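Since the structure comes first, as structure tokens, the remarks are kept for the end.
Residues take their numbers from the sequence shown, with the count starting at 1. What you see below is based on every heavy atom in this structure, not just the backbone, and it leaves out hydrogens, waters and symmetry mates. Values in this document were obtained by computation on a predicted structure and should not be read as measured data.
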Amino acid sequence: MNETEKKSNSHRDTVLIVDDNPSNLGVIENYLKKYGFMTLVATTGETALKRAELIRPDIILLDVLMTGMDGFETCRLLKANDATRDIPVIFMTVLSDTVDKVRGFEVGGTDYVTKPFQTEELLARVRTHLTIRKLQQQLRERNVFLEKTDTIVRAINSEINLTELLETILRESFVIRGVERAFALIYDRPLNAYVCKAARGVDVSDLGHVRMSLSEAEERYVRDSKEIDEDIFTVGHVQGRPGEAKFRHVGIAKSILVFRIRTDRHAEGYLILCNMSREQAFGEQDIRLLKNLKGHITSAFVRSRLLAELKEMSLTDTLTGMRNRRYLLKTISTDIAKVRRDYREWFLGRTENPPANSDIVFLMLDLDHFKSVNDTYGHDAGDRVLVRSCEILRNACRDTDIPVRWGGEEFLLVVRHSDRHRAHIVAERLRRRIEANPFDIGGGQTVHLTCSVGLASYPFSMRHSDCLNWEQVVAVADKALYAAKMSGRNAWVCIMNTEQTRPDRLFEKIQDDMGLLIRSGELQVRTSVPDAENLVFQ
């Protein structure tokens, strides 16, 4: 940020930095002040709690390992206090174990950066979560002004999911006399087109391929229409032209009433109310009702769009566009419940054979020697490598798989509806694609990298599906990744159970000495490492 940008920032966000190391405090405080932030400091968890309640900072940077009250407990108390619970907390930690990271999110942490960290990364994380918080504040402020004046408005305002909101609006629009069919065409940014998102009076499945370009929608519903109020139109002379025949199996409308949903940016979409049998089906009373609802519909739509964007932002990695750890934590429980149910039915003898393609395989992938790219060519080059790595990962996935940026140059691929005995095929495919890809780092330069992969399946034991939870299986995959890196890199290692695997204290024993369990036959390993006998696990 240059000096002009600093001065133009009318509001200075306040950051509370909590660390018992004075030198760390000084470095972070000076760096954030350079970019226009107000800073507060605390060297203990107790002091941090008092200052956070008194000052209400915009964001908190919290060290985990502190003398006395540690960062986890401090964060838990911050989230238990109504005055500070909404302040985002970014952990600063030297801990890299997956279980520790998951614990940070469980006590309410928003994100984490691993020490030693790059100040540029810290700044990016701070800005991202400040943006999210401001969106949340905007959302709350907007809701204050939403009115609930009648049955339709109450129904509209009860919906926060965009699709459900549109369906509610269309359902309630049938109180307008003459409406026989209704559609919602909503702007889809990636497609740069209007897409039918909801319909009433016809099977929605018939509308899945209905799309219109911006110019086509403008011509169809605005240019050749009569504007009866701002953003409300009646479409004339529809009989005998293609009209709504674009909607297959719907027919041609004789009367169309259109409401254009418009924000400051552009037309976000169109609500199209159709009468299939009568010309001039909509009278002054019907139009007056739509005019009265116009502001409420627009406000509800903007609110839902804002909420959808906020949700998407909180569940997506800002650099790569890939899903992040928070997304997995919010969505994985449904898949886990299904897997456990399938295996329980088999174990109890209600199904004859083990469930087919019911495993969830977790693959932890880490780019080998990635730090050298940043150190040699700069962080812009490193970012290019990360973005391209995500593209390779996505292209290697099925639609049902979930690729996640786990942190730094580490990715987690969640392979759903899978077979544990074929999981290594996916790992090998990823390894080969990374190895074969020349990474463009800008300036006409390319670099070649390899990756290491660790994998494990849930349930870890087919007959003891509760012996490890999914987070512990991820931790096993992380240990397998470590073994791949310590045994030469550019390799994959898969850890599996055996008939001799005993479920009691299994995770504890894996943490203590995985190699011992493999040598004793309680675990087995598959790997691309040529000399599997000499794999390093500790």
* For K509 and E522, what are the C-alpha separation, side-chain angles and deciding distance, and is it a salt bridge (charged side-chain N to carboxylate O under 4.0 Å, His left out)? -> CA-CA 11 Å; K509 290 187 289 186; E522 285 196 60; 3.7 Å; yes
* Asked: Which is it for V94 and T114 under the side-chain contact (heavy atoms from CB on, under 4.5 Å) test, yes or no, and what are the steps along the way?
  -> CA-CA 5 Å; V94 296; T114 304; 6.0 Å; no
* For the pair T93 and K115, evaluate side-chain contact (heavy atoms from CB on, under 4.5 Å) and give the outcome as yes or no after the intermediate values. => CA-CA 5 Å; T93 176; K115 293 181 178 180; over 6 Å; no
* To do: Start with the C-alpha distance between D366 and Y482, add both sets of side-chain angles, then the distance that settles side-chain contact (heavy atoms from CB on, under 4.5 Å), and finish with yes or no.
  => CA-CA 9 Å; D366 188 271; Y482 177 83; over 6 Å; no
* **salt bridge (charged side-chain N to carboxylate O under 4.0 Å, His left out) between D188 and K197, worked out** => CA-CA 10 Å; D188 187 294; K197 296 289 188 180; 3.8 Å; yes
* Apply side-chain contact (heavy atoms from CB on, under 4.5 Å) to the pair M92 and L62, showing each step before the final yes or no. => CA-CA 6 Å; M92 303 181 295; L62 178 58; 6.0 Å; no
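To the nearest 0.5 Å, atoms CG (L32) and CZ (R12) are separated by 11.0 Å. Atoms NE2 and CE, on H421 and M496 in that order, are 5.0 Å from each other to the nearest 0.5 Å. Atom CD of residue E46 and atom CE of residue M69 lie 4.0 Å apart, to the nearest 0.5 angstrom. Note that CZ of R127 and OG1 of T318 are 12.0 Å apart. Values are rounded to the nearest 0.5 Å. Put simply, CZ on R505 and CD1 on I510 are 11.5 Å apart, with the number rounded to the nearest 0.5 Å. Annotation: the span from L130 atom CG to I59 atom CD1 amounts to 4.5 Å, rounded to 0.5 Å.
When ring centroids are compared, F460 and F507 stay outside the 6.0 Å threshold.
Remark: the T131 side chain and the T128 side chain contain no N/O donor-acceptor pair separated by less than 3.5 Å. Between the side chains of D359 and Y343, at least one donor N or O sits under 3.5 Å from an acceptor N or O. Side-chain polar atoms of T450 and D368 form a donor-acceptor pair below 3.5 angstrom. For T39 and E29, the side-chain atoms include at least one donor-acceptor pair closer than 3.5 Å.
Side-chain contact between V493 and V453 is absent, with no heavy atoms from C-beta onward closer than 4.5 Å. Within the 4.5 Å cutoff, no side-chain heavy atoms of V15 are placed close to those of I60. For the pair F37/L123, a side-chain contact is recorded, criterion being any heavy-atom separation below 4.5 Å from C-beta on. The closest side-chain heavy-atom distance from V414 to I332 is below 4.5 Å. I87 places a side-chain heavy atom less than 4.5 Å from the side chain of R133. Two residues are said to be in side-chain contact when any heavy atoms from C-beta on lie closer than 4.5 Å; V385 and L449 meet this criterion. Within the 4.5 Å cutoff, no side-chain heavy atoms of D512 are placed close to those of L517. Inter-residue side-chain proximity for I360 and V415 is flagged as unmet; no heavy-atom pair is nearer than 4.5 Å.
Under a 3.5 Å cut-off, the side chain of R125 and the backbone N or O of Y112 do form a donor-acceptor pair. Formation of a donor-acceptor pair under 3.5 Å by the R405 side chain with backbone atoms of F411 is not found in this model. Not a single donor-acceptor pair under 3.5 Å links the side chain of S358 to the backbone N or O of P355. With hydrogens and angles ignored, the 3.5 Å screen pairs no side-chain donor or acceptor of E410 with any backbone N or O of M364. The backbone N or O of R416 sits less than 3.5 Å from a side-chain atom of R398, completing a donor-acceptor pair. The closest donor-acceptor contact from the side chain of T498 to the backbone of G521 lies under 3.5 Å. Between the side chain of R489 and the backbone N or O of M486 there is no donor-acceptor pair closer than 3.5 Å. Under a 3.5 Å cut-off, the side chain of D70 and the backbone N or O of M66 do not form any donor-acceptor pair. A donor-acceptor contact shorter than 3.5 Å links the side chain of N324 to the backbone of S314. Side-chain atoms of D383 never come within 3.5 Å of backbone atoms of L386 as a donor-acceptor pair (strictly under, hydrogens ignored).
Between D317 and R323, none of the side-chain N atoms (NZ, or NE/NH1/NH2) sits under 4.0 Å from a carboxylate O, so this pair counts as no salt bridge. Classification of R432 and E435 as a salt-bridged pair fails, no side-chain N sitting under 4.0 Å from a carboxylate O. Ion pairing between D342 and K338 holds under the 4.0 Å rule for side-chain N and carboxylate O. Salt-bridge check for E106 with R103: failed, with every basic side-chain N at 4.0 Å or more from each acidic carboxylate O. The pair D58-K134 does not meet the salt-bridge criterion, since no charged nitrogen lies less than 4.0 angstrom from a carboxylate oxygen.
Within a 6.0 Å radius of CZ in R394, other residues, nucleotides and ligands contribute more than 12 heavy atoms. By the neighbour-count criterion of 12 heavy atoms within 6.0 Å, atom CZ of R526 is densely surrounded, having more than that number from other residues, nucleotides or ligands. No more than 12 heavy atoms of other residues, nucleotides or ligands lie within 6.0 Å of CZ in R422, so this atom counts as exposed by the packing criterion. The number of heavy-atom neighbours closer than 6.0 Å to CE of M462, taken from other residues, nucleotides and ligands shown, is above 12.
When all heavy atoms of C451 and L430 are compared, the pair lying nearest together is SG-O, 4.2 Å. When all heavy atoms of P57 and L16 are compared, the pair lying nearest together is CG-CB, 3.8 Å. Closest of all the heavy-atom pairs between R433 and A396 is NH1-CA, 3.4 Å. A pairwise comparison of heavy atoms in G382 and N374 identifies CA-OD1, 3.3 Å as the closest pair. Contact between D19 and D63 at its shortest, heavy atoms only, is OD1-OD2, 3.5 Å. Considering all non-hydrogen atoms of both residues, V404 and R325 come closest at CG1-N, 3.7 Å.
Ring orientation note: the planes of Y35 and Y31 are tilted relative to one another, at an angle of 30° to 60°.
Evaluation of the salt bridge (charged side-chain N to carboxylate O under 4.0 Å, His left out) rule for K50 yields no partner, not counting sequence neighbours. H464 meets the ring-ring contact (aromatic ring centres under 6.0 Å, His included) test with no other residue; sequence neighbours excluded.
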